[in-house]
Amino acid sequence: MHTFYHSMLPFLRITRCQGAIFFLAVATALSQTIEPLPVADPESAKFDITEYEGQVGAMPNRPRSFFKDKSPSKVPTDFAPWWIRGQGHSIAGNGSRTLTVEDLYQRALRHSKQIRVFSDLPLIRETGIQEAKGAFDTNSFLQSKFEHANDPVGNTLTTGGANRFKQDQWNIEGGLRKKFVTGTEVTVSQQLGNTDNNSIYFVPNPQSTAKLSLSVVQPLLKGAGVSYNRSIIQIARLDSQVALSEFIRQSESHLLEITRTYWALYAARVTYLQKAKLVEETGKITDELRARQQVDAQQNQLFRAQSALATRRSDLVRSEASVRNAQDRLRALTSDPELLNSPESELIPADRMVLSSAPVDAQAAAQSALRNRPEINQAFLQLQAAGIREKMSKNELMPELNLVLQGSLGGLTGDDMGTAYGRQYTEGGPGYGIGFVLSFPLENNIARAHHERRQIETRQQLNQVKTTIDSVLLEVKVSAREVATAYRETQAKYESVRAFTEDLATLEARRKVQDLRDESQISNYLDTVLDAQDRRASAEEEFIRAAANYQISIVNLERAKGHLLTYSDVTMMRGKDDKNLPLLWLEKGARDGKTIYDGKAAQ
């Protein structure tokens, strides 16, 4: 049995060393296990959302009105007076381009520099995940040193006779060092050395040494545990998800702004046509008065008409500027080179206005917002991160108590270092050591202040979640109410347009059958006609503005619900650009499985 033990001893020693290295490799693989990205969850954030679910349940499904009279007449779905039909045709006549909201979305998602800025933020934050994993990287090290000593001798036992001690010493050490998710720090190193001196007591001379060392430091209190050591990675993941929610929020706001500008352009074009028609009508009255000046028209009547004509022409100039400003804003929002390179091209909205009542369920909208609004997701994710930081600071209040384990195998020979390296496995036995290291600041001011700050930050973030939910629910209520209000306003403005149009038509018909010769009659008729034209033009302008606001309010409600991207059939995509860098973009009508982005084609 004794002979068998000695025959197996080299194998056992090698196995110990290889086992330590194998343990290091397995632990490395485990520490790099991919975890799913965190999801905003009230339960994970330890937040009771039942209070807000109760508020949503108490909300009326449909917005209510103080006004109890019967609703105004519905706007006919085919209502298309000349000024609505006319906006679909070129006004300037110098080149035009017909666009829909969907077309503008496509152009913006493909070219908008602002959306590209938003899309890079999550990717920048995601690099923090890999950076946080760097704390558990396997670090290799290698160091070498040569020393030549030539010192006077003060003791004959140093050299055995020579009056100066001369020595050449060369050492090299290399190994691996790694921290694991439990907080354990493991170091495996191999040392090799060669020493040659003139001492007669140094035997063998020269000699080569080899030493294989294993060191394990395991925190037992402060810094111990998987939960504590993975916290930095979890926080980095949460931060990346916060940035992703911010990308969604900013993108939805950008698409909503495109929608606002599109319908503002629509309304501006209609208003321009209305004002141009008004200038034309006023010009006819002025020409008629100028022609009758030698018959029965008075000078003050002509001045009155000319003043109205000048005022309406100035309004027309301002209206044209509104059209051009809206066109340029659309070009800037989309950043589409095709549009930017044609600054004088006329942009003509091609979408038809929705003039029918859109169903509004405020309660369902609020429930959707609680689940999908990126602002609420951000708040919950930040609350989770604050809770993790607080737990970390609580751990750091404890004393630093570490268990230290050390082991080594050594070899020595008068030959070369390769022989010494082999003998560390074949001769002698392992050395080992065990101990504890305790460190604790008596006042512990830093850790206590840190923990208190984290507690206050968690409390602050909890209140931030509540504030965010309150703001979102308020926004949903206002947005749902705005849809109903904008539609009722459109109905009322439609009745106003119809009434003032009939009023002006009646005045013009009376003028054809009635001969006005008295000065007072002519003056009164002129004032009445000019006022009627102003009222009709104002009613038409207010109608188109109310109708445009109604189109915007429908889209804004989808944004308030957190569904604008889904409502617009926009999907978030991931891939690589032509430099193999990660890329995040939005694509309209995308299909599952598209993960490769052609960066050169996009450029």
Side-chain angles (χ1 to χ4, degrees), residues 63 65-67 69-88 91 259-282 308-309 311-326 329 348-349 351-358 360 478-479 481-508 527-557:
S65 173
F66 296 135
F67 192 63
D69 200 358
K70 70 173 186 177
S71 300
S73 301
K74 291 185 177 180
V75 183
T77 56
D78 58 349
F79 178 66
W82 67 267
W83 32 269
I84 287 183
R85 298 193 306 272
Q87 88 78 31
I91 296 175
T259 304
R260 291 184 191 278
T261 308
Y262 177 86
W263 290 112
L265 174 61
Y266 190 108
R269 289 175 57 84
V270 169
T271 302
Y272 177 84
L273 293 175
Q274 293 167 345
K275 292 186 180 298
K277 180 67 173 178
L278 191 59
V279 168
E280 180 184 351
E281 292 174 343
T282 310
L309 179 61
T311 299
R312 292 171 179 178
R313 280 176 174 168
S314 67
D315 292 341
L316 183 63
V317 171
R318 176 58 61 184
S319 180
E320 180 184 350
S322 297
V323 173
R324 294 188 180 278
N325 291 342
R329 180 154 181 76
I348 303 177
D351 283 325
R352 291 191 52 151
M353 281 191 164
V354 177
L355 297 178
S356 58
S357 177
V360 178
V478 172
S479 299
R481 191 177 297 119
E482 179 60 23
V483 173
T485 301
Y487 181 70
R488 290 200 301 269
E489 184 183 14
T490 303
Q491 289 178 295
K493 298 303 180 184
Y494 166 72
E495 288 192 345
S496 178
V497 168
R498 188 174 61 179
F500 286 125
T501 301
E502 293 175 355
D503 180 35
L504 182 59
T506 301
L507 287 174
E508 292 174 346
D527 289 340
T528 303
V529 168
L530 292 176
D531 290 342
Q533 288 176 344
D534 283 335
R535 290 193 297 269
R536 184 200 62 185
S538 177
E540 290 173 345
E541 184 176 353
E542 290 176 358
F543 169 81
I544 198 63
R545 187 181 301 118
N549 288 337
Y550 179 53
Q551 316 306 307
I552 296 170
S553 68
I554 295 174
V555 179
N556 186 51
L557 178 60

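Computed from a predicted structure; not experimentally measured.
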* To do: Could you tell me whether Glu320 and Lys275 have a side-chain N and a carboxylate O separated by less than 4.0 Å?
  => no
* Asked: How close do Ile554 and Ala358 get, heavy atom to heavy atom, and via which atoms?
  -> CD1-CB, 4.2 Å
* To do: Could you pull out the closest heavy-atom pair between Asp503 and Ala532, with the gap in Å?
  => OD2-CB, 4.2 Å
* Asked: Distance-only, no hydrogens or angles: does the Tyr550 side chain make a donor-acceptor pair with backbone N or O of Ser356 under 3.5 Å?
  -> yes
* To do: Would you please name every residue forming a side chain to side chain contact (heavy atoms under 4.5 Å, CB included) with Arg260, sequence neighbours left out?
  => Leu256, Glu257, Ile552, Asn556
* To do: Count the heavy atoms of every other residue, nucleotide or ligand shown that sit under 6.0 Å from CZ of Arg324, and state whether that count exceeds 12.
  => no
* To do: Indicate, with yes or no, if the rings of Phe543 and Phe79 have centres closer together than 6.0 Å.
  => yes
* Looking at Ala548 and Ala267, what are the two nearest heavy atoms and their distance? -> CB-CB, 4.2 Å
* Structure fact -> What one should report as the nearest heavy-atom pair of Leu273 and Trp83 is CD1-O, 3.7 Å
* **Under 3.5 Å: donor-acceptor pair, side chain of Ser322, backbone of Arg318** => yes
* Is the count of non-hydrogen atoms from other residues, nucleotides or ligands lying under 6.0 Å from Arg498 atom CZ greater than 12? -> yes
* If you round to the nearest 0.5 Å, how far is CG of Leu355 from CD of Gln551? -> 6.5 Å
* CD-CZ distance between Gln533 and Arg535, expressed to the nearest 0.5 angstrom -> 10.5 Å
* **Sidechain-backbone polar pair: Thr282 side chain, Leu309 backbone, donor-acceptor under 3.5 Å** => no
* **N-O pairing of Glu540 and Lys277 below 4.0 Å** => no
* Minimum heavy-atom separation for Tyr487 to Lys74, with atom names? -> OH-CG, 4.0 Å
* Using the side chain to side chain contact (heavy atoms under 4.5 Å, CB included) rule, pick out the option among Gln274, Glu281, Glu541 that qualifies with Arg536. => Glu281
* Structure fact -> Output for pair (Glu482 CD, Asn549 CG), nearest 0.5 Å, gives 6.5 Å
* Non-hydrogen atoms of Arg269 and Pro349 that approach each other most closely -> CD-CD, 3.5 Å
* Is the side chain of Ser319 donor-acceptor paired with the backbone N or O of Leu316 at a distance under 3.5 Å, no angle test? -> no
* With rounding to the nearest 0.5 Å, note down the distance linking CG in Asp351 to CH2 in Trp263. => 5.0 Å
* For the pair Ser538 (side chain) and Asp534 (backbone), establish whether a donor and an acceptor sit closer than 3.5 Å, ignoring hydrogens and angles. => no
